[in-house]
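Protein chains get the first letters and strands the later ones, always in sequence-line order, with residue 1 at the start of each. The shown structure was predicted, so the numbers you read here are calculated from the model rather than taken from an experiment.
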Protein chains: 2
Amino acid sequence: MDTRHMQYFMALAETLHFGRAAERMNMSQPPFSRQIAMIERTLGVKLFERNSRNVALTPAGEYFMKDCRNVLGQFEEACRDVRLVASGMKGELRFGFMMHAAHSVVPQLVQLYAESRPDVRLVLDERTPTEIDEMLVAGTLDAAVTFDCGYAPHLQTVLLARERLRIIMRKDHPLATVGQIGPEELRAEKIIAAPAATAPALRSAINSYFSVRGIVPHVVLEPRLQHTIIQLVAKGLGVALIPASLRTEPGAGLISRALTDAPQLDVVLRAPITTKNPAVSTFMEIGKSIQRTLL
Amino acid sequence: MDTRHMQYFMALAETLHFGRAAERMNMSQPPFSRQIAMIERTLGVKLFERNSRNVALTPAGEYFMKDCRNVLGQFEEACRDVRLVASGMKGELRFGFMMHAAHSVVPQLVQLYAESRPDVRLVLDERTPTEIDEMLVAGTLDAAVTFDCGYAPHLQTVLLARERLRIIMRKDHPLATVGQIGPEELRAEKIIAAPAATAPALRSAINSYFSVRGIVPHVVLEPRLQHTIIQLVAKGLGVALIPASLRTEPGAGLISRALTDAPQLDVVLRAPITTKNPAVSTFMEIGKSIQRTLL
DNA sequence: CCATCTGATACCCTGAAAGCATTGATCGTG
DNA sequence: CACGATCAATGCTTTCAGGGTATCAGATGG
């Protein structure tokens, strides 16, 4: 028994006429009759009550007809779907992103992609930049939005945005009224910044911002999560340099200021070049289409 | 593509090894490899990423695997179920019965059958005896409980119970205190009885109960439903002769009395002898097993 | 009783698919 | 680095599942 036999059965069950059913199956009546007999023999079940004049379904045949309709439908669907998956119209795409990006490019990217590929299940996964890099090489993620951390030959990269860092502090902070803020003004400040192990690109941008002026920043706290950094700044434990897109989130009692010669960071969309997931390519295309001018 | 191909695919998807997968399919590796290639060619989809050292599923293959597992499961189930239906263990049984029987044998019959054949869907259908006869010959019912109306060569019959008729009347009716009630006592009474067209066996039993004494019963009302008869008696519009098993339903202000030489009616379970529904036979067997002594 | 319709049988033949032998690519190891 | 081992792919042969044609057999209607 296989699906072809089920199709033979369905043809006869629907026409109740061997000749016409055979015709529908594009074959002549004698082999068709044999196939029906074969089906009944292998199942050990009489499916049709027939003589040389009439053909009728037995109750077992009636029941089998419903099941066959089901199975054949699912069968067709499976064959159709696998083509859709291969074409990237259907399937799953595991998408990682860092928290910074959640407030800027990610919503638009996700929305546009979901509109253009509604049958692809987007699995969102917020991670730190380091975790993202690891998961991209491990294949746990299909694509991710992160900071450009330079050389990555096994990854394809689309530049999404170029973000300047800004400084945030409490409103009652002495620097809140200073006109220009640069490395010199921050020389004595307590800095809160993510550790290099968690966000290498961000941290090295901050470090080199100071080091080109020969200044060693006074980093007092190194929380891993951006969320925590803002909380600590709000408590007055220091100031922090954060991407401009996070500025839109005002926070209670916090103020954000521009920096002189502010460090820039590239926000990129990345995916392994060796990816086998066909859904990725249009995801990258959409990334390109929403590429933004630098802020 | 058919289910055999899906089985090949599943074997490889689960083992990720052509040799072992072929072995599982009881064949040698070369034709197995060709079949896999064939599947990919007809689907137009690469399902496996492979070289002479490693075999891995593509994302499309991964997706297809889930669908195949589904389809193959349903396929097996359909083949198994059709055998169960043919053996009477599964399927549907359309069971008709008259309202009189609903209070006596039907509940027990239905319960016992449902316990012994839980996968057979019992479709219950309450009808008048005449409707039941028509539906049995039309094949709309598989089996039914009704009054024995005599000759029926195309039906198999199991006697379930033998019921005496009793008389019901209002508690304040003059006959309520009379010791013996027979045709003579009812000569002047207004009788309420179902029409012969609806319940021939019941009505002819009532008629002959009087006619053997040369009495013509004074039937004033002929409602089709037993329910209505009882209501009309309660309103004082007459008395009625009803099966003893209905006595258990007391009704407001009504009283039921035995009759002298009470007419008897056979309650039978019937099914067409030509029935193709394999579920019927055990239904009839259970009917035999609950055969009751006459009341 | 014959013409006709329809499903079953008899017989033949083709090609899908299985087996065997072998090739070619990729590792691991001495 | 060469050699052997492993494993998928390919070439060739063979077989039988399943299709085709011709025909039979039972039922029905004029």
Report yes if some heavy atom in the side chain of [X] is under 4.5 Å from a heavy atom in the side chain of [Y]; otherwise report no.
{"X": "A:K46", "Y": "B:P278", "answer": "no"}
{"X": "B:L159", "Y": "B:Q291", "answer": "yes"}
{"X": "A:L112", "Y": "A:I290", "answer": "yes"}
{"X": "B:M65", "Y": "B:F9", "answer": "yes"}
{"X": "B:Y8", "Y": "B:M27", "answer": "yes"}
{"X": "A:L202", "Y": "A:M98", "answer": "no"}
{"X": "A:C79", "Y": "A:E76", "answer": "no"}

Positional range of nucleotides in DNA chain D within the contact set of chain B, heavy-atom, under 4.0 Å
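It runs D:dT6 to D:dC12.
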
Nucleotides 1-5 of chain C: which of its N/O atoms have a protein N/O under 3.5 Å away?
unit_1, atom_1, unit_2, atom_2, d
C:dC5, O2, A:R53, NH1, 2.7

For A:Y63, check ring pair (Phe, Tyr, Trp, His ring centres under 6.0 Å) against everything at least two apart and list the hits.
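Not a single residue meets the ring pair (Phe, Tyr, Trp, His ring centres under 6.0 Å) criterion with A:Y63.
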
Going by ring pair (Phe, Tyr, Trp, His ring centres under 6.0 Å), name the residues that satisfy it together with B:F95, two or more places apart in sequence or in a different chain.
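Partners of B:F95 under the ring pair (Phe, Tyr, Trp, His ring centres under 6.0 Å) test: B:F97, B:F283.
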
Do side-chain atoms of A:E40 reach the backbone of A:L47 as a donor and acceptor pair under 3.5 angstrom?
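Such a contact is found between A:E40 side chain and A:L47 backbone.
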
Do any N or O atoms from the side chain of B:R127 and from the backbone of B:I132 form a donor-acceptor pair under 3.5 angstrom?
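No; judged by distance alone, with no hydrogens or angles, the pair does not exist.
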
Is the distance between the ring centroids of B:F64 and B:F48 under 6.0 Å?
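No; B:F64 has its ring centre 6.0 Å or more from that of B:F48.
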
Looking at five pairs on each end of the helix from C:dC1-D:dG30 to C:dG30-D:dC1, what is the angle between the two axes, given to 10 degrees?
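Comparing the axis at each end, I get an angle of 20°.
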
Do A:R20 and A:E23 meet the salt-bridge criterion of a basic N to acidic O distance under 4.0 Å?
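Not counted as a salt bridge, because no side-chain N and carboxylate O are separated by less than 4.0 Å.
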
Salt bridge between A:K276 and B:E62, side-chain N to carboxylate O under 4.0 Å?
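B:E62 and A:K276: not salt-bridged.
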
Using heavy atoms and a sub-4.0 Å distance, could you list which residues of [range] are near DNA chain C? By number, please.
{"range": "residues 56-64 of chain A", "result": "none"}
{"range": "residues 34-41 of chain B", "result": "B:R34, B:Q35, B:M38"}
{"range": "residues 19-30 of chain B", "result": "B:N26, B:M27, B:S28, B:P30"}

Spatial distance of atom [atom1] ([X]) from atom [atom2] ([Y]) [nearest 0.5 Å]:
{"X": "A:L109", "Y": "A:M284", "atom1": "CG", "atom2": "CE", "answer": "9.5 Å"}
{"X": "A:E49", "Y": "A:T58", "atom1": "CD", "atom2": "OG1", "answer": "7.0 Å"}
{"X": "A:D266", "Y": "A:T146", "atom1": "CG", "atom2": "OG1", "answer": "11.0 Å"}

Can you tell me how far [atom2] of [N] sits from [atom1] of [X], to the nearest Å?
{"X": "A:N54", "N": "C:dG7", "atom1": "CG", "atom2": "P", "answer": "9 Å"}
{"X": "B:F32", "N": "C:dC20", "atom1": "CZ", "atom2": "P", "answer": "17 Å"}
{"X": "A:L47", "N": "C:dG7", "atom1": "CG", "atom2": "P", "answer": "16 Å"}

Can you pull out every salt bridge (charged side-chain N to carboxylate O under 4.0 Å, His left out) where at least one residue sits in residues 1-17 of chain A? Sequence neighbours excluded, please.
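Qualifying pairs: A:E14-A:R24, A:E14-A:R69.
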
Any pair counted as salt bridge (charged side-chain N to carboxylate O under 4.0 Å, His left out), so long as it reaches residues 80-93 of chain B, sequence neighbours left out
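Output for this query lists B:E92-B:R121.
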
Can you name the residues that form a side chain to side chain contact (heavy atoms under 4.5 Å, CB included) with A:S116, not counting sequence neighbours?
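With neighbours one apart ignored, the set is A:I286.
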
For DNA chain D, what residues of residues 2-15 of chain B have any heavy atom nearer than 4.0 Å?
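Residues of residues 2-15 of chain B under 4.0 Å from DNA chain D: none.
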
Touch check for B:N51, heavy atoms < 4.0 angstrom, all strands: base, sugar-phosphate only, or nothing?
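It contacts sugar-phosphate atoms only.
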
